[in-house]
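This report concerns only the one structure given below.
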2 protein chains.
Amino acid sequence: MASRRGEGETATTPLEPADRERARAIPEAAVARLAVYLRVLSGMSDQGVTAVSSEELSQAAGVNAAKLRKDLSYIGSYGTRGVGYDVEVLVSHIERILGLTRNHSVAVVGIGNLGHALANYGGFPGRGFPVTALFDVDADLVGIPVGGIPVNHIDEITAVCLEREVSIGVIATPPPAAQSVCDRLVSAGVQCILNFAPVVLQVPDNVEVRKVDLAVEMQILSFHVARRADEAAGVSDANNGLGVDGMVIRP
Amino acid sequence: MASRRGEGETATTPLEPADRERARAIPEAAVARLAVYLRVLSGMSDQGVTAVSSEELSQAAGVNAAKLRKDLSYIGSYGTRGVGYDVEVLVSHIERILGLTRNHSVAVVGIGNLGHALANYGGFPGRGFPVTALFDVDADLVGIPVGGIPVNHIDEITAVCLEREVSIGVIATPPPAAQSVCDRLVSAGVQCILNFAPVVLQVPDNVEVRKVDLAVEMQILSFHVARRADEAAGVSDANNGLGVDGMVIRP
DNA sequence: TCGACTTTGTGCATGCGTTCACAAGCGGTA
DNA sequence: TACCGCTTGTGAACGCATGCACAAAGTCGA
C-alpha cells in the first residue's frame, strides 16, 4: 500500500550509516562471491558447524583464501584472529549486506518452458525470494496456477506488480517481446530485472539489469573447446616464441 | 568415423597459427561480448543489413564503441577504415574464433523443470548446439522422449557421451547430485560443463566449467535493491564523509 | 602471567581490462 | 590525381581486482 519505498524503511534492519558507506564500496565481483559464501555457510550451519576458518571456507567456495578475507573485510571485521569466523555471525551479516532481510517478491513474465521452471523453483534455493506473480500473453494460460500461483495476463503487469510490491522482475519471454515487457515492468516501478531473453535491454539508469544468456554461455564454452582442440592438434607447443606476451602478433 | 580430434582437424576451418596465437590472447570478458556481437550481427544480417560501423554495432550490443573495436581487433583487422565492417565477414570470423564451425553436441543431465526447458530449447538460439543426449536417475523418465530426444539413465552417461561425441555437458540436477554427475561427465571425456546446480564443482584442470546460479543472480539484484533503498531512504546524501576509518569512501 | 602458535585484516604490488585519444588508412569528390 | 572527411586500429594511461606477505590480535597451554 502506502509503503512505497519513499521514507523510513523502518520495517527492516537499521542499516547504519557506516554499513551504507561500506556497501557502496563493495566491488561487484565481491558481491557475487559473497552470495556464494552465504550458501556455503548456510550449508555448514545446517550441518551443525559453528566456526570456520578462511582457509576452509575459501576451499569450499572455490576461491583463494586471501580473496575471501578481503571480500569479508568489505562488510566489516567479524572474524576472530587465531580462531576464524562464527558461521552464524557471518551468515547474518552477509544476509544483511545483500539485503536479504527484506522480502523481495519476484514476478516471472513468460510462462514457457523456462518460466515454468522458474515458477516451480519455489522461492529459489534458500529463503528470500518468493515468486508472487506470473504473467503471459497467452490467454489459455491466464488463470491457471503454475507452482501455486495463478498466471495473469501481461497487460496487468503494472497493476499487479504495484499491488504485490514486486521488486524483481524476471523476463523469460521470447526475444521479440522482451523489451516491451521490460518497459512495462519499469513503468510498474520494478527496479531490478533478471533477463533470460537473448536481447540487450534498454533501461533507465535507475534500473538494474542482469542477464543470463544461455547461448552466450554455450559459445564461451565452445570457444574453450576450440582452443583446447587447437592446442592439442596444433604443434603441441611449437608456438615457437614470438607473440605470447604482447597481444600484437602482427604477421 | 575416425574424426576424433587427434590430428589434422581437416574437417573444419583451417585455423592458421596466427589465429591460434590470437585466440589464446583474447580476454575472457571479450569472448563473452563477441558472442553478443555475433547475435546482433546475425540479426542485422537477417534484416538485409550488409555493413555496420563500430558506433552502430556497439550501440546495438550495449557497449562502448572503443571497447567493441578493441574486442574485434583481438580476432583480426576485418574492418575498412572510413567505412565500417562487412556484416557477413564479421559473422564468419567471430563464428570461427568461437569455434562454432564445429558441431558441439550437448548432453543435459537432470530432466526436471529446468532440464525440460533446456531440452526443449531446440539447439539453443541460433544454430550450433544440438542437444543429443538427456539423462536422469528417475526410471520413470527413462525412455520417454523430451524435445524429441529419449531420456537415458544416468548410469549410461559414459557410454552414450562417448558414442555421440558429446562435447558439452549441462548439469541441471539437484545440488547433491551435481558433483557425482560432473565426475561421470568428466570421465566420459566431456571437457566443458555448464552447471546450473548451486554447487561449487571440483574438476581437473583440463575441464572448463561455467556456472549459472540463479540464486546468486537474485541476491546480486537484492543487493542493489537494498543499496538503492538505502540511498533513497538514508539522508539523501548526508553521508557526511567520515565513513569509518576504512578505505575508500570518496567525496 | 607469559610466551608460542594460529588466523585475521590489510597495505602494497602486480596484472588485467577498460577507456581515451589519435595516427593510419580508405572512399568519395573535385 | 590530390584532397577531405570519416572510421578503424591501437598505443598509452587509468582504474579495478587479485594475490602476496606480514603485522596485529587473539587463543591455548604451561
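So that the names make sense, note that chain A is the first sequence line, chain B the second, and so on, each numbered from 1. Since this is a predicted model, take the numbers as computed values, not measurements.
In this structure, A:Y74 atom OH and C:dG11 atom C1' are separated by 12 Å, rounded to whole Å. Note: CD1 (B:I26) to P (C:dC16) measures 15 Å, nearest angstrom. Rounded to whole angstrom, the span from the CG atom of A:L57 across to the P atom of C:dT6 amounts to 20 Å. Straight-line distance from the NZ atom of A:K67 to the C1' atom of C:dT8: 18 Å, rounded to whole Å. Atom-to-atom, CG of B:L68 to P of D:dT10 comes out at 14 Å; the value is rounded to the nearest Å. Note: CD (B:Q59) to C1' (D:dT7) measures 15 Å, nearest angstrom. A:D71 places its CG atom 10 Å from the P atom of D:dG19, with the value rounded to the nearest Å. The separation between B:L72 atom CG and D:dT8 atom P is 9 Å, rounded to whole Å.
For the OP1/OP2 pair of D:dG9 and a distance below 4.0 Å, the side-chain nitrogens and oxygens of B:Y85 include at least one atom meeting the criterion. In terms of phosphate contacts, A:R33 brings a side-chain nitrogen or oxygen within less than 4.0 Å of OP1 or OP2 of D:dT18. Taking side-chain N and O atoms only, B:T80 has no distance below 4.0 Å to OP1 or OP2 of D:dT8.
In this structure, B:V83 and A:V83 both approach DNA chain D, and ranking their closest nucleotides by distance from the 5' end singles out B:V83. The nearest heavy atom of DNA chain D to A:G82 and to A:E28 marks one nucleotide each, and the one closer to the 5' end goes with A:E28.
Here the side chain of A:K70 is nearest to one of C:dT8, C:dG11, D:dG9, namely C:dG11. The side chain of A:N64 has D:dC20 as its nearest neighbour among C:dG17, C:dC22, D:dC20. The nucleotide whose nearest atom lies closest to any side-chain atom of B:R69 is, among C:dA21, D:dT18, D:dT7, C:dA21.
Counting heavy atoms from C-beta outward, B:D213 and A:R39 have side chains that approach closer than 4.5 Å. The shortest distance between side-chain heavy atoms of A:L221 and B:E208 falls below 4.5 Å. For the pair B:I26/A:F223, a side-chain contact is recorded, criterion being any heavy-atom separation below 4.5 Å from C-beta on. Side chains of A:F196 and B:L214 form a contact here, defined as non-hydrogen atoms less than 4.5 Å apart.
Taking 3.5 Å as the limit, the base of C:dT7 and the side chain of A:R81 contain no donor-acceptor pair of atoms between them.
At a threshold of 4.0 angstrom between heavy atoms, the contacts of B:A29 are confined to the sugar-phosphate backbone, with no base atom among them.
Judged by distance alone, the side chain of B:S42 and the main-chain N or O of B:L38 form a donor-acceptor pair under 3.5 Å.
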